[in-house]
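Have a look at the structure below, then the notes.
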Protein chains: 2
Amino acid sequence: MTNSNRSKPVRAATLADVGRAAGVSAMAASAVLNGARTSSRIAAETRARILEAAARLRYRPNATARALVNRRMNTIGVTAVIGGGELNAYAMEIFTGILSAAAHANQNTTMFTLHDWGRDTARLQGWCDGRIDGMILIAPTLDLEAAKLLPTHTPFVALHANTVLPNVINIESDEERGAYEMVRHLISLGHRRIMHVSGNRGFIGAERRINGYKRALANAEIPFSESLLVPATYVGDTARAAMSAWLKRNAGQPLPDAVFCANDGIAIGCLEAFAELGLRVPDDISVAGFDDTLAARTTVPQLTTVRQPLQAMGTRAAEVLLSLIARHADGGVLDFPNPIVFPVEMVMRSSVAAARGSARIVPGNPPVRS
Amino acid sequence: MTNSNRSKPVRAATLADVGRAAGVSAMAASAVLNGARTSSRIAAETRARILEAAARLRYRPNATARALVNRRMNTIGVTAVIGGGELNAYAMEIFTGILSAAAHANQNTTMFTLHDWGRDTARLQGWCDGRIDGMILIAPTLDLEAAKLLPTHTPFVALHANTVLPNVINIESDEERGAYEMVRHLISLGHRRIMHVSGNRGFIGAERRINGYKRALANAEIPFSESLLVPATYVGDTARAAMSAWLKRNAGQPLPDAVFCANDGIAIGCLEAFAELGLRVPDDISVAGFDDTLAARTTVPQLTTVRQPLQAMGTRAAEVLLSLIARHADGGVLDFPNPIVFPVEMVMRSSVAAARGSARIVPGNPPVRS
DNA sequence: CTGAAAGCGCTTACAG
DNA sequence: CTGAAAGCGCTTACAG
């Protein structure tokens with residue numbers, strides 16, 4: 001079966017069409033169709049005729065024409081990096097929050113993707129050409145140089161910006177505290193040899209989590225050991241490889257009691273690396289994540305993790321942006337706290353258990369618990 | 001620290017601004033800025049001056065003005081249902097495919113969400129008001145009545161449409177065959193009592209999977225048993241509840257050898273229901289999914305599943321839509337096969353194993369394997 | 001080779 | 001209470 005498009009390029013009805021059909025001017029039609037306030041001045045009978053014509057012709061005001069006049073497209077933009085062909089769970093979760101807030105305010109949201117924040121800054125500018133009223137940046141890593149090139153006629157909001165962006169409200173969560181609390185929790189369970197698999201070194205979020213980890217250690221007077229800080233990236237596969245390599249390198253050495261991972265993807269990578277060696281979680285080793293993305297609930301065992309309210313943060317980002325846009329339009333001044341910091345929350349599931357104490361031989365490539 | 005917006009509403013530079021700055025007309029600036037073909041007619045020196053002015057003023061052609069003239073917004077729309085506050089993994093995967101194809105063609109994509117296809121058809125029409133050039137519908141369940149109201153001035157493409165939509169190209173996968181192949185695989189592994197937990201009854205995809213399941217059974221001369229067809233919905237939690245209820249209802253009865261689930265979410269729900277009773281997968285029971293969403297790889301054990309190439313299907317949807325848009329614009333006729341059917345693929349992971357044969361008592365609430 | 005005009009579809013003042 | 005005009009920022013014919 002084939003589907004052939006009709007050959008006449010069908011056009012949507014315009015205000016002029018409606019006016020013609022109702023025997024009035026386009027302007028009269030506009031007044032009626034735009035609501036009570038203006039249309040009260042038009043005779044009821046005329047009004048009815050216009051309404052009928054509009055319905056019959058399925059009239060919809062053209063969004064681009066409207067936008068040209070109103071300087072308002074009623075859509076917000078969202079930019080995120082797309083790595084390895086897909087958006088990660090973190091960005092998706094935020095995007096969902098943005099989407100619902102925007103829909104709630106009758107705004108559309110259009111998604112832009114970048115391969116690299118550094119190289120693609122120019123594209124960012126290109127999108128601020130009237131097609132959106134404001135832009136949300138998800139986890140931008142822009143240097144100050146690039147940040148200065150952001151257009152000033154479009155309001156920006158960022159989530160987890162890696163640097164302080166001038167004139168950009170940043171929304172973040174209390175990552176240092178989240179890391180601190182989680183490691184403190186592990187310690188309270190009797191764990192002492194606690195490993196941290198970090199996110200990309202140099203990224204502000206990764207450093208904050210490392211700081212929280214170190215602070216919790218110091219607080220409990222557990223000496224920090226460089227060998228237990230495994231640098232990885234926020235991509236699960238990297239973490240899996242890093243953990244596997246670590247286990248191989250430390251064959252015969254004591255296994256850590258617990259691993260605190262800089263995000264859920266890393267935790268899943270560790271889960272896989274451990275499964276490969278027949279290590280059981282949490283029996284042989286406890287694993288904690290960070291973020292509480294959807295994936296944290298679909299692993300077995302489910303992940304104990306630090307919850308960042310990503311959807312709520314996305315929602316807030318959209319709300320802040322929308323008020324920024326409104327103020328920007330009427331030239332008003334707007335004072336927002338900057339950054340806006342969300343509290344994190346511990347989510348206890350089953351990948352973390354109390355310390356067992358007993359040493360264990362790992363099958364295959366045997367490290368030994370101290 | 002607070003961030004105060006500058007009070008003068010900054011405006012983007014216009015063509016007139018550029019012309020003024022370069023001492024030429026807006027039209028001359030337009031010609032130069034729009035590329036070689038037209039700009040060849042302008043003196044090199046003038047040209048340079050215009051280019052310099054545009055760069056200095058950071059000129060970007062206004063997208064809405066351009067769209068008004070060209071009848072082309074260079075953005076495609078995507079509509080999906082948002083359930084329980086979030087897009088599901090299935091829709092996200094497709095969306096990612098659309099996104100990359102659109103970006104590749106220099107098109108934006110804006111995402112629209114619906115709560116209910118039936119009630120919200122009018123909104124669908126409202127979005128076809130010039131802000132998008134075409135629309136992709138993800139898994140629409142529209143009745144013919146509603147489908148007829150879709151505007152004819154905007155091209156549509158659907159993925160997994162639940163009904164045949166007039167003038168809409170539908171993209172789907174060979175679901176019946178996928179179900180058939182998976183159940184045949186389970187049978188070849190020695191399983192006989194094979195359960196199917198279905199998607200929403202009445203949805204064409206769910207019915208196709210049921211048909212494939214039945215056909216494979218019939219082919220192997222295994223009688224179909226109504227009690228092994230457990231109706232659920234595509235939401236994992238429903239499936240979990242349905243499976244738990246089934247297990248309770250059939251306490252003392254033989255446990256199935258294997259469960260074929262209508263999607264990965266359902267399979268995860270089953271995994272949870274089994275874990276709750278201490279049943280081990282695949283030792284006590286094999287579990288197979290459908291879709292191969294990201295979640296299929298983060299479960300333990302990882303899911304054996306029928307892979308629908310969701311990203312590729314999204315990509316194809318965008319490509320088809322884009323050519324539909326191009327033809328629509330120049331009034332041409334376009335013949336596409338309809339529906340476009342993608343092959344599915346078996347993905348073997350560890351949630352399915354060969355039949356053990358031995359009867360097992362389920363701890364707690366004991367069904368017994370026959 | 002260059003400029004002035006018309007028009008895309010709408011809304012917002014301004015006249016009658 | 002109603003219509004004719006101007007303008008949003010651009011592009012596409014059409015004159016010079």
Side-chain angles (χ1 to χ4, degrees), chain A residues 9 11-50 53-54 57-74 126 128-131 133 153 329-330, chain B residues 9 11-50 53-54 57-74 126 128-131 133 153 329-330:
Chain A
R11 295 202 168 174
T14 70
L15 219 36
D17 294 331
V18 175
R20 202 172 306 123
V24 297
S25 70
M27 180 272 148
S30 172
V32 168
L33 265 14
N34 276 336
R37 195 173 17 78
T38 28
S39 70
S40 65
R41 66 188 207 169
I42 289 182
E45 197 273 336
T46 315
R47 205 180 129 72
R49 231 171 43 234
I50 292 171
L57 297 175
R58 298 239 197 97
Y59 172 74
R60 309 271 160 193
N62 180 291
T64 61
R66 231 176 197 179
L68 186 55
V69 178
N70 296 339
R71 305 174 170 290
R72 192 84 158 67
M73 192 61 194
N74 292 314
C128 300
D129 61 357
R131 83 186 77 180
D133 307 314
H153 58 270
D330 63 25
Chain B
R11 294 201 168 175
T14 70
L15 218 35
D17 296 329
V18 174
R20 203 173 304 122
V24 297
S25 69
M27 181 271 149
S30 171
V32 167
L33 265 14
N34 276 335
R37 197 171 15 76
T38 28
S39 69
S40 64
R41 66 186 209 171
I42 289 182
E45 197 272 335
T46 316
R47 203 180 131 73
R49 232 173 40 237
I50 292 171
L57 298 175
R58 300 238 196 96
Y59 171 75
R60 309 270 160 194
N62 180 291
T64 60
R66 231 177 197 178
L68 187 55
V69 177
N70 296 339
R71 308 175 167 288
R72 191 85 158 68
M73 192 60 195
N74 292 313
C128 299
D129 61 358
R131 83 186 77 180
D133 307 314
H153 58 269
D330 63 25

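Just so it is clear, the model here is predicted, and its values are computed rather than measured.
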From the candidates C/dC10, C/dG3, C/dA13, the one with an atom nearest any side-chain atom of A/Thr14 is C/dC10
When rounded to the nearest 0.5 angstrom, what is the spacing between CZ in B/Arg60 and CG in B/Leu15?
14.0 Å
At under 4.0 Å, does any side-chain N or O of A/Arg71 touch on OP1 or OP2 of D/dG9?
yes
Out of A/Arg131, A/Met73, A/Arg66, which residue meets the side chain to side chain contact (heavy atoms under 4.5 Å, CB included) rule with B/Thr64?
A/Met73
Report the distance from atom CG of A/Leu68 to atom P of C/dG9, rounded to the nearest whole Å.
12 Å
Report yes if at least one side-chain N or O of A/Ser30 is closer than 4.0 Å to OP1 or OP2 of C/dT11; otherwise report no.
yes
Nearest-neighbour nucleotide for the B/Asn70 side chain, C/dA13, C/dG3, D/dT11 considered
D/dT11
To the nearest angstrom, the CZ-P distance between A/Arg72 and C/dT12 comes to 14 Å
If we call it a pair only when both distances are under 3.5 Å in a Watson-Crick or G-U wobble match, what pairs with C/dA15?
D/dT2
Of the residues in residues 59-66 of chain B, which ones touch DNA chain D at a heavy-atom distance under 4.0 Å?
B/Tyr59, B/Arg60, B/Pro61, B/Asn62, B/Ala65, B/Arg66
Pairing residues for B/Asn74 by the side-chain contact (heavy atoms from CB on, under 4.5 Å) criterion, not counting sequence neighbours
B/Arg72, B/Gln107
Would you mind reporting whether B/Arg47 and B/Ile50 have side-chain heavy atoms less than 4.5 Å apart?
no
Give the rounded distance in Å between these two atoms: CE of A/Met73 and C1' of D/dC8.
14 Å
Checking side chain to side chain contact (heavy atoms under 4.5 Å, CB included) for the pair B/Arg11/B/Asp17: CA distance, chi angles, key distance, verdict?
CA-CA 11 Å; B/Arg11 294 201 168 175; B/Asp17 296 329; over 6 Å; no
How many whole angstroms separate atom CG of B/Leu15 from atom P of D/dG7?
18 Å
